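Read the structure below first, then the notes.
One-based numbering, in listed order, for ligands and for the atoms of each. As the structure is a prediction and not an experimental result, all values here were calculated from the model.
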Amino acid sequence: MSRSAHPAGPRHADVMTEGHYTAPAEDLNALDEKVWARTVTRDEHGALTVGGIGVARLAEEFGTPAYFLDESDFRARCRAWSDAFGPGADVFYAGKAFLSRAVVRWLQEEGLNLDVCSGGELTTALDAGMPAARIAFHGNNKTVDEIERAVSAGVGRIVLDSFQEIVRVAHIAQRLGRRQPVQIRVTVGVEAHTHEFIATAHEDQKFGIALADGQAAEAVRRALTLDGLELIGIHSHIGSQIFDMAGFEVSARRVVQLLAEVRDEHGIELPEIDLGGGLGIAYTSDDDPREPHEIAKALGDIVTRECEANGLATPRISVEPGRAIVGPTAFTLYEVGTIKPLEGLRTYVSVDGGMSDNIRTALYDAEYSVALVSRTSDAEPMLVRVVGKHCESGDIVVKDAFLPSDLAPGDLIAVPATGAYCRAMASNYNHSLRPPVVAVRDGQARVIVRRETEEDLLRLDVG
Ligand code: LLP
């Protein structure tokens, strides 16, 4: 089965190759802090706890499968990003990774801004009280209705993605008597992957206006002539799950080059650049993500250096991390249902969820870790594939991992680092019910997105 390249990188897009697994960890009971939320630990009986609450109690109260999100970790990561970038820059949390009204309130309290990319995300943000001025609106094909709502609400910026949209947003803003702050999203000819970047020919994608052939310069020219628009800067987003800063370096250099061209042609220095999101997290112990302060320093240095070289004042920088904030803060808790050992091959462990709560393994060949969390075990490691309960063999949650060989039906296992793009991409496949998201903090657990019910399914099905 071949898959075409995906922005999440080649490790997400490869064929479903065999034998990704390495040797089992020395201690299967150990919880690698790289992949688990910060307050996760084991209690004196060996059961995993988060925010001071044990998984047995969580499973009892909220059921499985369920996502448990460590609220203090989420808040700490927000603070780490805003402290790293400081008052001279803006951090926009990318809501597509996971958005709920509680999340919007945490973002406000921690001083972050929010990137939304649909009417639904905009509604969630506004309903939870996010000031419109702190919202950026994205998307390659925003509807007229979405643009009207964003402009009327007074969003802080709309990121223009095409020549048609430049005119469309300008008209709508003018009709509504507004001058809408906008950025232009450019494709800089860089596609970054987890461990590499490719710096040619990646204009072949639906997003943005190419820097090549003077197209972005033409977009700037048009935006500057339209009364409804206030052009505040240039935007670039180069990919997702990126560890290597080299792609950002090329992107920043090319964006600053455009700012210099704009200054030379129009005599104005655009005040802002946005370098997008895409910073990688650890899904397994093999991944080594950068800390926000390293990223802030690297990006700041690149932009300052390039601006100095071009005689430009350093613009205000913004970034849009989604995965790097919410990804590590949650795990999915499952109950083991059936266990099927295949002699000499592997053992299939079926859980009560699957591709409906985590499509990333099937879609991108993403790798995850897994641990037995209702107890510890000293049994020998066994090679497992954690699979779901859906009616297809591609329904894989964790392709290759090791769990103790005394694993039994009824045990609870957890998959860490499922905070980003899991609930957000969950489906009702097989009429399954999308799991709840439960926020845990200081010994308190509360549902922030409830579990779907069969009544919800029937309500949508109008008969
Ligand atoms: N800004 C823009 C303009 C984006 O398109 C994205 C992600 C982000 C920020 C946030 O990227 P992050 O920091 O979360 O990587 N569903 C895929 C990821 C798709 C990302 C799309 N855009 C996955 O599960 O890997």
Side-chain angles (χ1 to χ4, degrees), residues 3 5-14 74 77-78 81 90-99 103 112-118 121 135-142 157-162 183-188 190-194 202 205-209 233-245 247-248 251 255 273-283 287 289-290 292 295 299 317-330 332 355 357-368 397 415 417-427:
R3 286 177 172 73
H6 181 272
R11 297 177 65 199
H12 298 244
D14 274 349
F74 185 97
R77 287 174 195 277
C78 290
W81 276 86
D90 299 299
V91 180
F92 286 77
Y93 168 74
K96 66 205 82 185
F98 172 65
L99 196 65
V103 163
L112 262 64
N113 308 289
L114 176 60
D115 140 12
V116 301
C117 66
S118 70
E121 289 184 0
I135 298 176
F137 197 86
H138 268 283
N140 65 300
N141 187 17
K142 307 166 189 78
R157 65 178 66 159
I158 292 181
V159 182
L160 302 173
D161 209 272
S162 65
Q183 293 188 337
I184 292 175
R185 177 165 174 177
V186 300
T187 43
V188 292
V190 169
E191 184 175 306
H193 295 305
T194 300
H202 287 280
Q205 55 156 306
K206 70 173 181 168
F207 291 110
I209 298 174
I234 302 296
H235 183 286
S236 157
H237 170 78
I238 56 171
S240 251
Q241 187 57 2
I242 303 167
F243 293 151
D244 182 350
M245 298 303 288
F248 285 104
S251 159
V255 167
I273 64 173
D274 189 312
L275 294 172
L279 286 312
I281 63 164
Y283 284 105
D287 294 327
R290 304 283 187 101
I295 295 161
L299 295 182
I317 299 174
S318 49
V319 285
E320 299 171 336
R323 186 191 321 262
I325 290 178
V326 72
T329 67
T332 314
M355 65 197 301
D357 60 71
N358 187 348
I359 190 64
R360 298 192 68 261
T361 307
L363 196 56
Y364 313 130
D365 197 15
E367 289 179 37
Y368 282 91
V397 180
V415 174
T418 57
Y421 304 110
C422 286
R423 180 57 181 78
M425 295 173 79
S427 77

Side chain Ser318, main chain Asp90, donor-acceptor under 3.5 Å = no

- Message: Between Asp357 (side chain only) and Ala426 (backbone N and O only), is there a donor and an acceptor less than 3.5 Å apart?
- Response: no

Any atoms of ligand 1 less than 4.0 Å from a non-hydrogen atom of [X]? List them with their elements.
X      : answer
Gly322 : 12 (P), 13 (O), 14 (O)
Pro321 : 13 (O)
Gly277 : 1 (N), 9 (C), 13 (O)
Arg185 : 3 (C)

Kindly state whether the ring of His138 and the ring of His237 have centres lying under 6.0 angstrom apart.
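Centroid separation for His138 and His237: 6.0 Å or greater.
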
| said: So that I know where these two stand, are Phe74 and Phe98 an aromatic pair - ring centroids less than 6.0 Å apart? | reply: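 Here the rings of Phe98 and Phe74 have centres that are no less than 6.0 Å from each other.
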
Is the contact between [X] and ligand 1 made by the side chain, the backbone, both, or neither, using heavy atoms and a 4.0 Å cut-off?
X      : value
Ala94  : side chain
Glu320 : both
Asp115 : side chain
Arg360 : side chain

*Contact check: Gly239 vs ligand 1, nitrogen or oxygen atoms, below 3.5 angstrom*: no

Hey, is ligand 1 close enough to Gln241 that some N/O pair sits below 3.5 Å?
-> no

### Sidechain N-carboxylate O distance under 4.0 Å for Asp161, Lys142
no

Q) Is Lys96 salt-bridged to Asp115, going by a charged N under 4.0 Å from an acidic O? A) yes

Ala420 touching ligand 1 at heavy-atom level, < 4.0 angstrom
no

Can I get a per-line list of side-chain donor-acceptor pairs under 3.5 Å for residues 418-425, giving both atom names and the distance, sequence neighbours left out?
unit_1, atom_1, unit_2, atom_2, d
Thr418, OG1, Thr332, N, 3.2
Thr418, OG1, Thr332, OG1, 2.8
Arg423, NE, Pro435, O, 3.2

Note to self: Using side-chain heavy atoms (C-beta onward) and a distance below 4.5 Å, is Phe92 in contact with Leu112?
What the structure shows: no

